[in-house]
2 protein chains.
Amino acid sequence: MGKQITEMLKGTLEGIVLALLATAPAYGYEITARLREQGFEDIVEGTVYALLVRIEKRGLVDVEKVPSEQGPPRKVYSLNASGRTQLDEFWTTWGFLATRIDQLKTEGR
Amino acid sequence: MGKQITEMLKGTLEGIVLALLATAPAYGYEITARLREQGFEDIVEGTVYALLVRIEKRGLVDVEKVPSEQGPPRKVYSLNASGRTQLDEFWTTWGFLATRIDQLKTEGR
DNA sequence: ACTAGTAGATAGTATTGCCAAGTACTGGGG
DNA sequence: CCCCAGTACTTGGCAATACTATCTACTAGT
């Protein structure tokens with residue numbers, strides 16, 4: 001996949017991460033790994049950490065430091081009420097966009 | 001809609017415009033109007049014109065100047081072979097992303 | 001001592017959409 | 001005659017966000 005996916009992820013990656021956190025709290029390294037498993041092969045740790053800092057500053061997640069058996073302590077993020085609201089808005093916006101784009105696709109033949 | 005849609009459009013707006021041009025050649029003002037009709041109320045002319053300049057520079061469209069009965073001459077853009085290839089790639093990338101996000105949505109309950 | 005794996009942070013860059021203002025042309029109202 | 005609305009395109013500056021590259025810190029195995 002080229003750089004198209006990079007630009008498409010702007011605005012959606014945050015929602016994707018919020019959705020992941022909605023299923024269970026997680027820490028950065030883990031989130032990166034999950035994204036990779038799910039097909040987002042080229043998403044890089046730096047991107048995820050920066051995003052997590054951002055959503056923490058906006059108060060969408062609660063953070064807890066948990067010692068790790070291996071390596072430095074983990075910062076475990078869990079979605080709070082604000083985050084769930086934001087996630088709902090994400091689904092609304094996504095639905096809006098996806099509907100219109102899918103419509104364009106079917107019109108295109 | 002908040003600023004979420006703004007970020008989401010990054011990377012998708014180009015594909016949307018290419019898809020519009022795939023149905024018929026069009027000029028900037030017209031494209032802006034069509035987008036507005038289709039629900040993208042807050043897309044601004046400046047954004048569309050800048051995008052058109054970009055895809056022209058990348059050789060995805062052919063341009064023809066056509067005199068208008070009212071106002072300055074129109075720059076009519078039509079998708080060429082390169083543009084159609086790019087559009088195909090857009091649909092592939094979009095399919096990839098949409099599949100994964102929809103999957104996250106259904107998992108989320 | 002060295003390497004690999006885990007875990008996080010950050011400075012700099014590029015892309016892209018938005019905002020705001022300006023240019024150019026036509027036709028109608030005061 | 002001047003101003004305004006509508007059509008049509010241009011441009012300079014700003015903000016958000018993903019990527020690149022590099023760095024720190026800790027543990028375990030060779």
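Proteins come first, then strands; the chains are lettered A, B, ... in the order of their sequence lines, and each starts at number 1. Note that the structure is a prediction, hence the values are computed from the model and not measured.
A ring-ring contact (aromatic ring centres under 6.0 Å, His included) check over residues 14-34 of chain B, counting only residues at least two apart or in different chains, returns nothing. For residues 39-65 of chain A, every residue pair satisfying the ring-ring contact (aromatic ring centres under 6.0 Å, His included) rule, not counting sequence neighbours, is listed here: F40(A)-F96(B).
The minimum heavy-atom distance between M8(A) and W94(B), with the atom names listed, is CE-N, 3.8 Å. Between E69(A) and R74(A) the shortest heavy-atom distance is OE1-NH2, 4.0 Å. Of all heavy-atom pairs spanning W91(B) and A19(B), the tightest one is CZ2-CB, 4.0 Å.
Rounded to an integer number of Å, the gap from I31(B) CD1 to dC9(D) P is 9 Å. Counting to the nearest Å, the C1' atom of dA15(D) and the CD atom of Q4(B) are 16 Å from each other.
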Please set out all donor-acceptor pairs under 3.5 angstrom arising from side-chain atoms of residues 58-66 of chain B, sequence neighbours excluded.
| residue | atom | partner | partner atom | Å |
| --- | --- | --- | --- | --- |
| R58(B) | NH2 | E14(B) | OE1 | 2.5 |
| R58(B) | NH2 | E14(B) | OE2 | 2.8 |
| D62(B) | OD1 | N80(B) | ND2 | 3.3 |

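Between the CD atom in E41(B) and the CD1 atom in I5(B) there is a gap of 11.5 Å [rounded to 0.5 Å].
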Protein-nucleic acid N or O pairs under 3.5 Å, nucleotides 4-7 of chain D:
| residue | atom | partner | partner atom | Å |
| --- | --- | --- | --- | --- |
| dT7(D) | OP2 | Y29(B) | OH | 2.9 |

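Listed by chain and residue number, L13(A), V44(A) satisfy the side-chain contact (heavy atoms from CB on, under 4.5 Å) test with T47(A) (two or more places apart in sequence, or in another chain).
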In B/S/- notation (B base, S sugar-phosphate only, - none; protein heavy atoms under 4.0 Å), nucleotides 9-22 of chain C written 5' to 3' is BB----BBSBS---

